[in-house]
Amino acid sequence: MVQTVLETGPVAEESTSRATHINAYRLMLLARVLDDKFASLYRAGKIHGGVFLGRGQEALSVAVGLSLREGDIFAPLIRDQAGRLAFGESILDAVRTYLGSSLGPMRGRDGNVHRGRPLQGLLPMISHLGAMIAVVNGTLFARRMKGISGTVGAACIGDGATSTGAFHEALNQAAVEKLPLVLVLADNQYAYSTPNSRQFACQSLLDRAAGYGVAGHGVDGTDLCACLNTVGQAVAQARAGHGPQLVVAQLLRLCGHGEHDVADYVDTKLKSSPVGRDCLKVAEEFLRQQSWASETDLAAWRSEAIQRVEEAVATVQREPAPDPFAEEWTALSSRQLTELHDEESPGPVDI
Amino acid sequence: MVQTVLETGPVAEESTSRATHINAYRLMLLARVLDDKFASLYRAGKIHGGVFLGRGQEALSVAVGLSLREGDIFAPLIRDQAGRLAFGESILDAVRTYLGSSLGPMRGRDGNVHRGRPLQGLLPMISHLGAMIAVVNGTLFARRMKGISGTVGAACIGDGATSTGAFHEALNQAAVEKLPLVLVLADNQYAYSTPNSRQFACQSLLDRAAGYGVAGHGVDGTDLCACLNTVGQAVAQARAGHGPQLVVAQLLRLCGHGEHDVADYVDTKLKSSPVGRDCLKVAEEFLRQQSWASETDLAAWRSEAIQRVEEAVATVQREPAPDPFAEEWTALSSRQLTELHDEESPGPVDI
Amino acid sequence: MSVTYLEAIRAAQARALAEDPRVFIYGQDVGAFGGAFKATKNLANEFPGRVLDAPISEDAIAGLAVGAAIEGLRPIIEMQFADFSTVAFNQIVNQAATLYWRTQVPCPITVRLPCGATSGSGPFHSQTMETIYAHYPGLIVMTPATVEDAYSMLLEAVAIDDPVVFCEHKLLYYHLKADALPTEALPVGKARLAREGRDMTIVTYSAMVHEALAAADELKPEGWEIEVVDLRTVKPLDTDTVMASVARTGRLLCVGESWPWGGVSAEVIARVATEGFDLLDAPPQRLNAKDTPVPYHPNLWAAHRPTARSVAAAARKILRQ
Amino acid sequence: MSVTYLEAIRAAQARALAEDPRVFIYGQDVGAFGGAFKATKNLANEFPGRVLDAPISEDAIAGLAVGAAIEGLRPIIEMQFADFSTVAFNQIVNQAATLYWRTQVPCPITVRLPCGATSGSGPFHSQTMETIYAHYPGLIVMTPATVEDAYSMLLEAVAIDDPVVFCEHKLLYYHLKADALPTEALPVGKARLAREGRDMTIVTYSAMVHEALAAADELKPEGWEIEVVDLRTVKPLDTDTVMASVARTGRLLCVGESWPWGGVSAEVIARVATEGFDLLDAPPQRLNAKDTPVPYHPNLWAAHRPTARSVAAAARKILRQ
Ligand SMILES: Cc1ncc(C[n+]2csc(CCOP(=O)(O)OP(=O)(O)O)c2C)c(N)n1
Ligand SMILES: Cc1ncc(C[n+]2csc(CCOP(=O)(O)OP(=O)(O)O)c2C)c(N)n1
Ligand SMILES: [Mg+2]
Ligand SMILES: [Mg+2]
């Protein structure tokens with residue numbers, strides 16, 4: 001059975017092993033199937049707002065999720081369905097958030113990729129790019145202050161987000177504090193429609209590592225083996241106390257920025273180049289080559305994934321939407337400090 | 001006569017020449033004397049708010065000012081008295097701003113180091129560290145758009161300010177646009193009381209250049225010759241169209257963060273190390289060694305500097321302070337869009 | 001031919017680019033792609049070199065605009081969503097807004113903010129920020145509610161010598177249509193009487209103008225004639241027009257989509273209470289979004305913001321007094 | 001023994017560190033140096049490893065605090081000047097302020113903002129920012145005016161499970177003294193009657209409380225008894241206490257040091273006008289700083305902010321009606 005629980009544990013030392021690979025592949029497949037389902041629900045008008053897929057980025061993402069273990073911190077970004085599943089997020093959390101179910105972790109208050117469970121180490125992104133890294137720093141800082149060692153925090157980020165001040169401040173902060181941060185940078189060649197050439201001028205974003213005094217790791221983001229190895233090593237280094245690790249993966253977003261976007265701006269040469277390979281196909285081919293999976297296995301895994309996703313969607317579609325009248329309209333945990341306004345207000349005072 | 005006008009021009013090719021050196025030294029000296037005067041006015045309670053000196057940083061700063069020419073852009077920071085004078089800012093502008101004269105460029109509205117003349121290319125800093133760099137970018141961007149070539153823009157910055165998001169976004173922006181920006185980083189080992197070890201984790205801030213894809217230049221900031229050479233070269237490179245240049249100088253702040261600060265946190269070992277040398281003394285010694293200046297010359301230059309400063313202060317002290325009743329209390333250039341408030345408001349309407 | 005609110009914004013930018021060589025546009029994906037909302041569609045093509053993609057660096061985008069303005073250009077910068085202007089906040093409120101006052105050098109930049117809640121957008125793609133920017137001296141804050149105003153006010157924003165925060169409402173982008181682009185407009189800073197009435201004044205702006213008008217429709221069969229004032233710019237705020245309307249109706253409801261604490265509605269009520277107290281026949285009231293982040297789910301979203309229905313309900317309370 | 005406002009802030013932090021192992025302090029120069037204003041003097045020594053210098057990275061400072069809060073700690077972060085919190089703005093209003101509402105995980109961080117104008121500080125070291133933060137849902141905004149409140153409210157800020165923006169006024173740091181630290185305090189969110197009077201209510205907060213009290217002194221020989229309400233927290237704002245006072249006096253003046261558009265004074269007047277209209281015997285008025293950046297020169301500065309004198313003048317106008 002595909003593992004979507006936290007016990008998966010670190011993978012560095014066994015990253016080329018059969019079991020790890022199959023597990024990783026099946027998580028990638030599940031993520032792809034789930035993403036595809038969101039895309040079709042979007043086309044059917046069943047989803048409010050945008051849908052953001054991780055197509056083409058599953059190998060990198062799954063490697064992050066699998067390299068972490070229980071008690072670690074994970075701040076995924078918009079293309080990390082695979083990493084989320086690998087880290088232990090349930091399919092239901094994803095579907096409930098996309099469909100706005102009141103039973104989901106965000107209770108319909110926030111949607112799509114803006115979800116998480118902070119107390120389980122899964123940080124729910126805010127939209128402002130770069131802003132989650134310092135939050136991961138804070139969790140790691142807190143662990144150290146509490147005397148807890150061995151925690152790793154992984155934050156995912158895109159090429160475009162490296163241009164934010166928040167990215168810079170947070171990576172530098174992690175370096176100064178020597179925090180066990182693994183910053184996983186998916187260089188998918190575009191930020192929305194903006195190509196790398198309009199985003200940065202260094203040869204490779206890996207060139208940034210030295211400037212922060214952190215270790216840098218480059219990896220082919222289309223190659224699951226490489227991702228498992230490199231991310232696994234980076235996580236191990238961070239866990240061993242060697243400070244922040246910057247992983248830069250080369251790959252291509254094999255979808256629009258969101259499902260509303262046909263992405264005709266993507267350079268066709270890139271699509272046919274090595275970064276344009278579909279990591280899922282590459283991984284599948286590798287399993288075939290190693291004879292680790294038969295066609296029957298592959299087909300069975302796919303149908304199982306489809307079935308799990310369909311079940312989850314069917315379940316969630318029967319769940320209650322949030323009820324504005326039952327909603328507690330306060331942003332404060334300190335209820336007694338909530339102010340009343342407008343229609344709730346007592347109205348003109350008569351004396 | 002010490003030149004404090006814009007005609008000084010570029011110095012790269014003649015940076016070791018006698019005239020250049022003497023000119024630079026005399027500007028440094030003038031800056032030092034002016035700074036010392038501000039310090040004594042501060043101690044005498046004659047200055048409102050803080051006083052920030054460039055002591056120990058004059059060699060680097062003067063090199064920036066002298067490397068620029070008329071039509072260039074200069075965004076000095078708090079320790080750039082020397083660079084300002086070299087770029088052509090008058091002593092009066094400095095004194096008037098510190099003393100709040102209504103005749104100064106800031107008319108008492110802003111004070112101390114927060115001064116400039118944007119239309120003469122001298123940008124008045126806002127306090128938020130890092131925030132001026134993008135503004136310099138904008139001026140260079142505009143020049144290009146207007147078809148003006150050959151402009152260079154220099155922005156000064158400290159080690160501490162490299163940790164700001166603004167620094168990062170702007171340097172990256174300049175690199176992407178390949179703007180003729182020269183970013184001059186005075187690594188004076190401390191940001192207020194914070195040592196470099198709590199500010200960044202790379203070996204040298206020069207390691208950052210590659211990450212932005214910009215040229216990097218290291219220099220001994222206590223050595224005038226080296227500063228004139230290196231900064232001159234960086235400016236020449238930028239002018240020649242080779243994109244942003246990052247100059248990183250090693251030196252020590254030979255004063256408190258501001259004059260209120262005794263700076264007892266500064267490591268005594270640093271003070272006695274090469275970065276702790278006083279660039280003014282080093283330059284003076286060099287002039288002596290080269291027999292470019294006699295003791296009489298040196299003494300005469302000093303008294304002339306003192307005289308000019310004293311004259312300026314005496315003049316400004318007779319100038320009118322801003323008058324709140326004559327003040328136009330609007331932040332808008334579009335006068336007709338100014339709103340009236342409070343006491344100016346017409347009061348209750350009777351109908 | 002009909003033209004949408006979004007097309008009007010695009011047309012205004014095209015015209016500004018065509019008529020004034022000092023104008024350029026800078027922002028994420030505004031170039032060949034035409035912007036996240038297509039507000040700059042084709043402009044990069046039509047005006048080569050003058051519509052440029054920026055890195056994801058809102059602070060530096062705004063900073064660059066200020067520098068270009070110092071050099072005499074007229075930058076229009078687009079924030080992909082108003083919400084993201086929080087990371088350009090410092091350059092807008094401390095750099096751009098203070099430049100003229102400090103140096104006598106004007107800072108003619110236009111900051112386009114796609115604002116406001118739309119269903120399914122959630123806490124970080126829905127914010128209105130007029131309250132925040134209007135608080136700062138040195139900024140003009142425009143909040144057009146109509147296709148005509150979107151067009152003419154954006155042209156004015158570019159022409160004005162001061163920094164203008166131009167709050168476009170995303171909910172109006174595609175749905176709101178006019179027959180043609182306007183050929184004349186009210187002066188900047190003038191509010192508009194969107195509907196005349198004798199029984200009560202609703203003061204509002206941006207998308208809420210349409211909720212207020214719908215509420216007025218709803219109240220008409222009940223015998224109430226509601227006057228609706230569209231502020232157009234919230235800073236400067238046209239107190240005179242507001243006051244004149246309240247003088248006619250004696251009753252005031254202010255409606256804003258921003259959060260209740262210190263919003264436009266507080267400012268309007270404070271002005272009327274201080275300067276036009278005796279004009280009021282009943283206590284003024286206000287209606288705002290709820291004091292929580294903007295929710296994602298349409299059910300919650302619809303309850304979070306004022307709607308024609310809740311505006312009408314609030315109006316009835318006042319009318320009954 | 002006497003204790004200053006600043007010493008009270010230091011003492012509150014010392015006590016919080018001593019009593020609660022979850023508390024730590026993070027900010028520029030707060031460690032061995034003791035902070036730009038010495039508000040953390042000796043604390044790094046007394047509490048090793050719990051008072052840490054940060055890089056000049058306000059965004060990351062606030063972000064780190066949120067992460068630590070998620071892990072159950074109680075960070076106090078110091079901005080060197082409130083003005084610089086503009087570059088931490090996003091993390092405060094979008095990350096910290098939304099966390100609880102989105103996830104049910106509280107975010108107990110305290111953001112210390114040395115606020116307010118002092119002579120010679122100029123446009124970027126003088127700002128008050130309570131208006132900006134109070135606008136956002138999810139934040140508590142405290143503005144202590146007394147030594148006692150500086151102490152007790154800072155302790156409460158640390159204890160509260162929500163993010164608190166703690167606005168300390170720099171003008172009070174050294175001059176304002178009390179005999180001793182308080183042993184009890186009003187509950188959070190309760191305003192304080194700083195002075196009783198029957199003729200008019202002045203509602204204010206932070207340093208302006210002292211200008212209002214001085215104005216009340218000035219008006220006493222003229223026969224006026226002025227009541228002064230110190231809001232203490234501006235969000236939540238204690239409408240009940242304000243209303244009760246206005247019910248007694250029938251007259252209201254609101255004084256704020258922030259800029260006029262949409263400040264605390266607008267909010268207070270809007271509340272009284274909407275909920276207590278009939279209590280008013282004269283139009284309420286407000287007095288704020290002028291709508292320009294805060295000037296550097298003492299002459300301009302003194303005219304820019306409300307003072308006892310201008311408060312008294314504004315009060316007289318109302319009293320004459
Ligand atoms: C501060 C900020 N500015 C703008 C945006 C709008 N935005 C959302 S995703 C995106 C592109 C991100 O590109 P990249 O970081 O490369 O990630 P990718 O989408 O390629 O995975 C942009 C501009 C944002 N979320 N935050
Ligand atoms: C964004 C921001 N945060 C904090 C400050 C307060 N501050 C002013 S100068 C300074 C230290 C600057 O250090 P550095 O950049 O090294 O320059 P130096 O003073 O050493 O020349 C600090 C923290 C500021 N001006 N801006
Ligand atoms: Mg990308
Ligand atoms: Mg320094």
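Quick note on labels: first sequence line is chain A, next is B, and so on, each numbered from 1.
- Less than 6.0 angstrom separates the ring centroid of C:H135 from the ring centroid of D:W259.
- Residue D:V141: no heavy atom, backbone or side chain, is found under 4.5 Å from chain C.
- The side chain to side chain donor-acceptor pair (under 3.5 Å) with C:E257 is formed by just one residue from the set C:H304, C:R305, C:H169; it is C:H169.
- By number of non-hydrogen pairs under 4.5 angstrom with chain C, the leading residue of D:P295, D:S265, D:P123 is D:P295.
- Only the side chain of C:W101 comes within contact range of chain D, with heavy atoms under 4.5 Å apart.
- The pair C:R286-D:E267 meets the salt-bridge criterion, with a side-chain N (NZ, NE, NH1 or NH2) lying under 4.0 Å from an Asp/Glu carboxylate O.
- Only the side chain of D:Q127 comes within less than 4.5 Å of a heavy atom in chain C; its backbone stays farther off.
- Taking the six-membered ring for Trp and the full ring otherwise, the centers of D:Y296 and D:W301 sit at least 6.0 Å from each other.
- When the candidates C:V272, C:D83, C:V234, C:I318 are compared by the number of heavy-atom contacts under 4.5 Å with chain D, C:V234 comes out ahead.
- In this structure, the portion of D:L237 lying under 4.5 Å from any heavy atom of chain C is its side chain and not its backbone.
- Ranking D:L280, D:V87, D:N94, D:V268 against chain C, the residue ahead of the rest is D:N94, based on heavy-atom pairs under 4.5 Å.
- In this structure, chain C has a heavy atom under 4.5 Å from the backbone of D:A282, while its side chain stays farther away.
- Between the side chains of C:E58 and C:Q28, at least one donor-acceptor pair of N or O atoms lies under 3.5 Å.
- The CG atom of D:L231 sits 13.5 Å away from atom CE of D:M142, with the distance rounded to the nearest 0.5 Å.
- Ring to ring, D:F89 and D:Y136 are close: their centroids are under 6.0 angstrom apart.
- If you measure heavy-atom distances from D:V264 to chain C, the contacts under 4.5 Å come from both the backbone and the side chain.
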